[in-house]
Amino acid sequence: MIVHYAFTETPLGEVLIASDEQGLCFMGFTEENRAEALADLERRIKPASLVEDKSDQWITQVHAWLSAGMIGEHHLPLSLHGTPFQVAVWKALLEIPYGTVVSYQAIARAIGRPKAVRAVGTAIGRNNLSILIPCHRVLTTSGGIGGYRWGIARKQRLLEQEGVGWKEL
DNA sequence: CCCGACACGGTGC
DNA sequence: GCACCGTGTCGGG
């Protein structure tokens with residue numbers, strides 16, 4: 001499978017973006033280590049033949065959305081690579097409207113596995129499309145910020161930008 | 001409020 | 001089999 005990729009800047013730091021025939025399949029912060037970001041991409045999306053391509057149609061569209069400030073929904077085609085359970089969780093995340101938040105427990109119920117709360121947390125953390133799949137809109141039932149693969153600070157900034165007040169939940 | 005203990009389900013080794 | 005975990009709940013400081 002051919003996978004196109006490119007690096008680009010966002011308001012929250014540099015990201016590595018990748019897409020395949022179905023759509024965008026990866027977006028992750030490089031954290032100043034492009035080699036590691038690429039290794040991560042290769043681990044998650046395989047088998048894959050990586051080809052750098054900054055003019056890939058979907059990559060340029062994400063770039064445009066990112067440059068515009070990541071305001072509102074993005075409507076970009078996503079290619080979900082994962083176990084059936086993970087894909088179910090990620091699809092549930094895509095149903096969360098811009099500017100609203102839900103709990104890990106609510107996601108567990110939404111996919112019909114009310115007791116798999118912890119596994120849901122793990123699946124959310126393994127989501128390949130940070131920001132594009134709104135994993136930052138999931139908080140703990142007690143209103144706590146919860147975790148974030150790319151650092152709590154980024155999660156807070158994303159929520160703040162969407163106008164979510166988490167201080168008194 | 002902040003622990004500690006435990007149940008919980010999916011995943012990787 | 002076993003040890004992880006972006007959780008939740010309960011009980012005790």
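Order of the sequence lines fixes the chain letters, A, B, ..., with proteins taken first and strands second; residue numbering starts at 1 for each chain.
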So which protein N/O to nucleotides 9-13 of chain C N/O distances come out below 3.5 Å?
residue: C/dT9; atom: OP1; partner: A/Gln105; partner atom: NE2; Å: 3.4

Return the set of residues passing salt bridge (Lys or Arg N to Asp or Glu O under 4.0 Å) with A/Arg118 (not counting sequence neighbours), or none when no residue passes. none
Contacts of A/Thr140 meeting side chain to side chain donor-acceptor pair (under 3.5 Å) (sequence neighbours excluded), chain-then-number -> A/Ser142
Which residues pass the side chain to side chain donor-acceptor pair (under 3.5 Å) test with A/Asp56, not counting sequence neighbours? A/His4, A/Ser19
Do A/Tyr104 and C/dG6 have a side chain to base donor-acceptor pair shorter than 3.5 Å? yes
Letter by letter from the 5' end, nucleotides 8-13 of chain B scores (B base, S sugar-phosphate only, - none; protein heavy atoms under 4.0 Å) BBSSS-
Round to the nearest Å and state the distance from A/Ile107 atom CD1 to C/dG6 atom P. 16 Å
Using the side chain to side chain donor-acceptor pair (under 3.5 Å) criterion, which residues pair with A/Arg113? Sequence neighbours excluded. none
Does A/Glu31 have any salt bridge (Lys or Arg N to Asp or Glu O under 4.0 Å) partners at least two apart in sequence or in another chain, and if so, which? A/Arg154
Taking ring-ring contact (aromatic ring centres under 6.0 Å, His included) as the test, write out the residues that go with A/Phe85, two or more places apart. none
Apply ring-ring contact (aromatic ring centres under 6.0 Å, His included) to A/Trp65 and list each qualifying residue two or more places apart in sequence or on a separate chain. A/His74
If a stem is a run of at least 3 consecutive Watson-Crick or G-U pairs, both distances under 3.5 Å, which stems include DNA chain B? B:1-7 with C:7-13, B:9-13 with C:1-5
A/Ile96 backbone acceptor or donor facing A/Arg137 side chain under 3.5 Å: yes
With A/Arg34 via salt bridge (Lys or Arg N to Asp or Glu O under 4.0 Å) - residues at least two apart: A/Glu14
Please list, chain by chain and in numerical order, all residues satisfying salt bridge (Lys or Arg N to Asp or Glu O under 4.0 Å) with A/Asp53, sequence neighbours excluded. none
